[in-house]
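Step one of this worksheet: look at the structure below.
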Number of protein chains: 2
Amino acid sequence: MTPKKPKSENSIVDVAKALGISPATVSRALNNNSRISEATRTRVKEKAAEMGYRHNSMASSLRNRRSNTIGLIVPRISMYFHAFFITSLQRQLQTAGYNLMICQSNDSVDVEKELANTLYSARVDALVVSLALYTEHIGHFDGFLRQGIPLVFYDRVPTLRTQAYVIKGDDYRGGLLAGNHLIQAGCKRVAYISGPLSCSIYQERTRGFIDSLTKYGVPFREEWTYYHELTVENAWSSLRRLFAGDVIPDGLFAANDTTAIAAVAFARERGIRIPEDLKIIGYSNDPRTAIITPAITSIEQYPNEMADKVAETLINALQHRGPSSSIVVGEPLVCPVDLVRRMTT
Amino acid sequence: MTPKKPKSENSIVDVAKALGISPATVSRALNNNSRISEATRTRVKEKAAEMGYRHNSMASSLRNRRSNTIGLIVPRISMYFHAFFITSLQRQLQTAGYNLMICQSNDSVDVEKELANTLYSARVDALVVSLALYTEHIGHFDGFLRQGIPLVFYDRVPTLRTQAYVIKGDDYRGGLLAGNHLIQAGCKRVAYISGPLSCSIYQERTRGFIDSLTKYGVPFREEWTYYHELTVENAWSSLRRLFAGDVIPDGLFAANDTTAIAAVAFARERGIRIPEDLKIIGYSNDPRTAIITPAITSIEQYPNEMADKVAETLINALQHRGPSSSIVVGEPLVCPVDLVRRMTT
DNA sequence: TTGTAGGCGTTATCAT
DNA sequence: ATGATAACGCCTACAA
């Protein structure tokens with residue numbers, strides 16, 4: 001492939017010339033416009049194929065003022081939940097004739113801002129976002145709202161009120177279920193490792209968890225609670241501190257599965273028996289929780305179902321069907337979660 | 001967000017009018033063209049910001065005949081290797097001013113074809129592809145070659161000769177290393193579960209593996225070799241057959257980690273001791289191989305390094321630097337692999 | 001340093 | 001059923 005400068009391609013004008021008809025007719029024929037004779041349509045399509053003509057969506061987008069592209073900003077595609085969400089969303093949007101432009105913020109607020117601007121300039125027809133870990137202000141998305149471009153937040157949604165669509169998991173209930181389950185399994189001294197409270201999902205999981213403990217009269221101990229990015233390294237560091245004292249936890253709620261997995265490894269290293277000495281519950285039902293020994297109890301979030309809701313919302317909004325959608329601005333749609341019991345509880 | 005029709009936005013013409021200058025000047029000022037006075041540049045940028053002006057990349061792309069977007073077709077983003085590859089590639093392209101349009105073929109040849117067409121119409125400046133499992137003919141990418149649009153295959157590359165860039169892992173060596181390692185660990189009766197041979201990576205792994213056995217005089221047994229999609233279900237089905245007879249394997253090379261993980265689970269269920277009775281080696285060094293018990297020996301493919309090479313190739317090709325690139329058309333670039341020894345061997 | 005003008009390829013509108 | 005025309009917003013010779 002020698003680097004040659006982009007040879008100008010055949011356009012509909014060229015096809016039109018070759019056939020001795022007008023570009024408008026060619027355009028209509030290719031777009032299956034009804035007011036064109038079957039004969040012409042066939043003739044045009046054949047000629048176009050013969051000439052290697054390809055539709056130019058840049059020109060088409062400019063003319064139509066719509067790109068048929070939807071932007072997606074996600075913290076990281078390597079997170080199980082998001083990978084599955086994306087796959088499902090992409091399939092549905094593809095079917096509806098939209099392309100999905102997938103971008104990763106890498107959990108950086110700055111990158112998120114840049115991406116928002118880029119996608120705005122790219123004139124995406126809609127934007128779907130799951131926020132970075134420390135995003136609190138969402139002013140970088142205001143342009144979309146001002147222009148009436150559909151904006152959908154999912155999973156990690158803004159904590160402030162917004163005029164965008166909001167589709168989230170029932171993280172409060174997830175936290176509640178986790179707490180209830182640990183207590184019902186007999187835990188008296190429960191620890192908690194959470195993500196930062198700047199992030200909606202951890203706020204809610206924490207609320208639910210605390211409410212559960214309160215309901216059962218089990219103390220929520222500040223000194224056994226950690227809020228930090230949920231990496232393996234941070235998990236080990238917190239676990240070491242948790243198990244450094246005389247009194248040690250007999251239950252742990254890890255707000256993500258990476259942390260729960262680290263906890264299982266930690267317990268093994270320390271000779272802490274699971275579930276006898278320590279019960280562990282994670283969050284997201286990452287496939288890894290099922291293959292590790294012992295398999296980890298976790299909270300399922302149904303990424304595919306959430307993708308369904310997001311797709312439905314998008315397509316409704318883009319087709320201006322408006323109120324027929326089940327999701328409306330200002331009222332978050334909350335998707336169910338379930339506890340999946342395995343061997344750590 | 002009430003569905004309102006897209007309000008027409010301010011263009012450079014509007015900004016120009018507001019300032020009483022020509023659109024050309026505005027365009028140049030915004031693009032930091034050198035031949036514009038500092039004063040004007042500042043005035044223009046301020047006014048543009050004030051008016052909420054946003055660059056329209058559709059118009060710009062049409063005019064410039066380049067989209068600054070690079071297309072990517074990948075079998076599935078949920079595969080560890082690809083997720084890491086993408087993250088790394090995206091970061092580098094972003095830095096270089098390109099957007100990445102990530103698409104999944106879902107291992108379907110038909111979807112792959114559709115995506116190729118869509119991305120062609122979208123006028124991506126370059127295309128990066130890892131092929132679907134059963135893609136043998138690659139004619140659907142010919143348009144890119146004809147138009148001189150840089151085309152890069154990576155990982156799962158065409159088995160036929162092509163004029164595109166080819167960047168692949170050293171799968172032959174991976175297969176060789178796997179075979180050598182099993183034999184050196186004492187295996188006499190080795191089984192093999194591979195992906196379909198339509199796919200370059202499995203072809204090569206198989207070749208390497210067979211060459212290793214041959215070198216050591218260990219028989220390669222057709223009846224202990226399976227070629228199929230490497231899913232959990234298929235793995236179990238093959239494993240059951242492998243261990244149904246009187247003589248059973250003492251070593252298994254699984255051509256991906258999902259299969260190796262399934263084998264560990266299978267062995268546990270059957271009470272087969274690992275590594276005493278059965279040694280297992282996987283492929284890709286998926287993080288899951290490290291957390292499972294026993295941790296699985298695997299072949300590391302260095303997705304980030306491969307992404308580096310792909311990014312370098314792309315940027316070179318896009319900037320017409322031509323021959324200064326270390327990667328040239330017609331000669332596949334082969335990236336190193338390494339064996340990571342763990343507890344299953 | 002700035003302005004003028006034409007065109008990138010497509011499609012909607014208005015005419016025939 | 002088809003054609004002529006203009007416009008989407010931007011950029012860049014070329015002119016001043």
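Proteins get letters first, then strands, A, B, ... in listed order; numbering begins at 1 in each. The shown structure was predicted, so the numbers you read here are calculated from the model rather than taken from an experiment.
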**Request:** Examine D:dA1: is either OP1 or OP2 under 4.0 Å from a nitrogen or oxygen in the side chain of A:T25? Give yes or no.
**Result:** no
**Item:** Pair B:D125 + B:R65, salt bridge at N-O below 4.0 Å
**Value:** no
**Item:** Close aromatic pair by centroid cut-off 6.0 Å: A:Y154 and A:F85
**Value:** yes
**Message:** Once you apply a heavy-atom cut-off of 4.0 Å, does A:S27 come out as touching a base, just sugar-phosphate, or nothing?
**Reply:** base
**Message:** So, does A:N64 get its side chain near the phosphate of C:dT10, meaning an N or O under 4.0 Å from OP1 or OP2?
**Reply:** no
**Request:** Just call it for B:S61: base, sugar-phosphate, or nothing, with non-hydrogen atoms closer than 4.0 Å on any strand.
**Result:** nothing
**Request:** Please state how far atom CG in B:L30 lies from atom C1' in D:dT12, giving the value in whole angstrom units.
**Result:** 15 Å
**Request:** Could you tell me whether A:K168 and A:D155 have a side-chain N and a carboxylate O separated by less than 4.0 Å?
**Result:** no
**Prompt:** Rounded to the nearest Å, what distance is computed from the CZ atom of residue A:R123 to the P atom of nucleotide D:dC8?
**Reply:** 14 Å
**Request:** To the nearest Å, give me how far apart CZ (A:R28) and P (C:dT13) are.
**Result:** 11 Å
**Request:** Would you mind classifying the nucleic acid contact of B:L62 as base, sugar-phosphate or nothing, using non-hydrogen atoms under 4.0 angstrom?
**Result:** base
**Prompt:** What integer distance in Å separates B:N31:CG from D:dA13:P?
**Reply:** 13 Å
**Prompt:** Want to settle it: does B:S60 or B:R35 sit nearer the 5' end of DNA chain D, counting the closest nucleotide to each?
**Reply:** B:S60
**Item:** Whole-Å distance separating the CG atom of B:N10 from the C1' atom of D:dG9
**Value:** 12 Å
**Prompt:** Can the ring centroids of A:Y120 and A:F141 be said to lie less than 6.0 angstrom from one another?
**Reply:** no
**Request:** Check if the side chain of A:R63 and the base of C:dT10 share a donor-acceptor pair of N or O atoms closer than 3.5 Å.
**Result:** no
**Message:** For B:I36 and B:A59, find the nucleotide of DNA chain C closest to each by heavy atoms; which residue's nucleotide sits nearer the 5' end?
**Reply:** B:I36
**Request:** Verify the contact: side-chain N or O of B:S11 to OP1 or OP2 of D:dG9, cut-off strictly under 4.0 Å; return yes or no.
**Result:** no
**Item:** Length of the line joining B:R65:CZ and D:dT12:P, which is rounded to integer Å
**Value:** 13 Å
**Message:** Tell me the interatomic distance from B:N33, atom CG, to C:dT2, atom P, rounded to whole angstroms.
**Reply:** 11 Å
**Item:** B:S37 side-chain N/O to C:dT2 phosphate OP1/OP2 under 4.0 Å
**Value:** yes
**Request:** Specify the separation, in whole Å, of atom CD1 of A:I21 and atom P of D:dG3.
**Result:** 6 Å
**Message:** Quick one: does any side-chain atom of B:T95 pair with a main-chain N or O of B:R91 as donor and acceptor, under 3.5 Å?
**Reply:** yes
**Fill in**
Judged by nearest nucleotide, the residue sitting upstream toward the 5' end of DNA chain D, A:P23 or B:I12, is A:P23
